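This report refers to the structure that appears directly beneath it.
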Amino acid sequence: MRSTLLSLTILLVGIFIWHVTTHVPDTGPKGVVLSQTETDTLLGKKMLPEDIEYYSAQGVEFSQLEQIASLNLSRAMIEAAGGIRALGISVPDENSAPAPGSLFPSPSQIGSELWATVTDPFYVAGTNDMGYGIQMGYSLLRVLIGYSLSAAVAIPLGFLIGMSPMFYKALDPFIQVLKPISPLAWMPIALFTIGDSELSSIFVIFICSLWPMLTNTAFGVAGVRSDWVNVARTHELSTTKTALTVILPAAAPTIITGMRISIGIAWLVIVAAEMLVGGTGIGYVVWNEWNGLRLDRMIVAILLIGVVGMLLDAAFARLQRAVAYAE
């Protein structure tokens with residue numbers, strides 16, 4: 001209970017600091033305020049009241065308004081000619097004054113966008129405008145395929161390495177060289193050789209998931225007590241039966257630990273890979289929203305990435321507890 005209260009307190013304090021740092025009081029209109037005399041002068045020059053209000057709201061000073069009035073042109077005609085600057089009248093940039101509020105979205109903006117995203121996650125309004133539920137599905141599918149292929153290779157190979165010192169010594173140099181390479185370093189090679197961005201993303205997930213599962217499986221298998229293996233040999237169990245009934249249950253917690261590490265790395269890498277290859281996926285969404293300067297939607301996508309990653313880790317943590325081996 002106390003840890004829960006502390007977590008909520010930290011969350012609320014963080015949101016409060018966020019609100020304070022992103023909230024800027026409304027500074028009012030950025031235009032100029034004309035006196036009644038100045039307004040009457042412009043009206044006397046047959047300038048329409050709505051034009052006076054429009055230009056003054058854009059920050060056009062009285063002296064410049066007099067120049068505009070002397071042209072005896074309507075606002076529509078001036079805009080058709082290319083605007084006031086095209087007529088040789090210097091006026092301030094309409095975007096030069098700072099807009100009220102902060103450019104970085106506030107917690108209320110994020111909350112509003114998050115609610116809109118959660119309530120309608122599967123809409124399709126175009127190639128680059130799909131619900132985050134659909135985009136998340138693309139990412140999860142790529143992770144699932146690449147991760148499953150990696151597990152199908154890493155776990156049997158890890159068993160072989162863990163049970164055979166000869167294979168361990170033979171393969172260890174290759175593992176030590178390939179393991180430190182960043183998964184994204186494989187992306188250009190995958191794109192060149194495979195020629196398909198979708199398959200290249202899956203290949204990168206395969207590579208990044210391989211090493212934690214492989215090394216943890218080998219470590220877990222090699223760490224099984226020799227007494228248990230000797231008892232299995234005494235009972236004349238086959239190698240396969242020994243592996244399944246003695247070694248696998250004892251090494252299962254370590255194997256699941258490797259799988260848990262791998263799923264976290266895979267989910268981390270797929271976001272970066274999708275930023276590179278584009279098209280679909282939650283990583284592409286983050287990059288696409290940034291390019292459109294839709295920071296509120298980008299932050300919502302980042303929050304959803306974190307939530308999904310937390311759920312994946314929690315699932316493997318529960319599986320890890322379920323296979324805990326009691327001696």
Side-chain angles (χ1 to χ4, degrees), residues 1-28 98-123 130-140 143-144 147 183 205 208-209 212 216 253-254 256-275 281-324:
M1 180 63 71
R2 285 185 296 179
S3 61
T4 302
L5 290 175
L6 179 59
S7 296
L8 290 175
T9 302
I10 294 173
L11 175 63
L12 293 175
V13 169
I15 292 176
F16 175 75
I17 295 174
W18 182 3
H19 171 75
V20 170
T21 54
T22 56
H23 176 71
V24 177
D26 193 345
T27 57
S102 170
L103 293 177
F104 195 84
S106 65
S108 59
Q109 291 175 293
I110 298 300
S112 176
E113 185 61 40
L114 180 62
W115 176 253
T117 299
V118 171
T119 53
D120 189 15
F122 300 110
Y123 74 90
M130 292 186 286
Y132 285 4
I134 296 176
Q135 301 285 21
M136 196 72 74
Y138 280 113
S139 299
L140 287 171
V143 169
L144 178 63
Y147 183 83
I205 296 302
C208 76
S209 303
N216 276 266
T254 308
I256 298 300
T257 299
M259 296 177 70
R260 183 179 178 183
I261 296 172
S262 290
I263 195 66
I265 296 175
W267 186 242
L268 182 73
V269 169
I270 191 60
V271 174
E274 289 171 345
M275 286 183 178
I282 197 65
Y284 169 71
V285 167
V286 173
W287 188 249
N288 190 48
E289 301 296 1
W290 158 248
N291 287 331
L293 290 180
R294 296 183 291 266
L295 297 183
D296 51 349
R297 290 177 59 83
M298 184 188 74
I299 293 173
V300 168
I302 292 172
L303 290 175
L304 292 177
I305 290 171
V307 170
V308 172
M310 180 187 68
L311 294 176
L312 290 173
D313 184 75
F316 275 89
R318 187 164 185 173
L319 179 60
Q320 193 174 13
R321 291 192 297 269
V323 300

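This one's a predicted model, so the numbers in the text were calculated from it and none came from an experiment.
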*Do L304 and T117 pass the side-chain contact (heavy atoms from CB on, under 4.5 Å) test, and can you show the C-alpha distance, the side-chain angles, and the key distance before you say yes or no?*
CA-CA 10 Å; L304 292 177; T117 299; 4.0 Å; yes
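Distance CD1/I270 to OH/Y147: 14.5 Å, rounded to 0.5 Å. In this structure, CG in L144 is found 12.5 Å from OG in S139, a value given to the nearest 0.5 Å. Between atom CG of residue L12 and atom CZ of residue F16 there is a gap of 11.0 Å, rounded to the nearest 0.5 Å.
Across every non-hydrogen atom of I261 and P212, the tightest pair is CG2-CB, 3.9 Å. Between W18 and P105, the closest heavy-atom pair is NE1-O, 3.0 Å. In terms of heavy-atom proximity, V286 sits nearest to M275 at CG1-CE, 3.6 Å. Shown here for Y123 and I134, the closest heavy-atom pair between the two residues is O-CD1, 3.6 Å. Between Y132 and E289 the shortest heavy-atom distance is OH-OE2, 3.2 Å. When all heavy atoms of I305 and M136 are compared, the closest pair comes out as N-CE, 4.3 Å.
Residues passing the side chain to side chain contact (heavy atoms under 4.5 Å, CB included) test with L319 are I256, F316, V323, sequence neighbours excluded.
No donor-acceptor pair closer than 3.5 Å links the side chain of Q135 to the backbone N or O of M130. Under the 3.5 Å distance criterion, the side-chain polar atoms of N291 are matched with a main-chain donor or acceptor of W287. For the pair Q109 (side chain) and S106 (backbone), a donor-acceptor distance under 3.5 Å is present. The main-chain N or O of S108 is never found under 3.5 Å from a side-chain atom of S112 such that the two would form a donor-acceptor pair.
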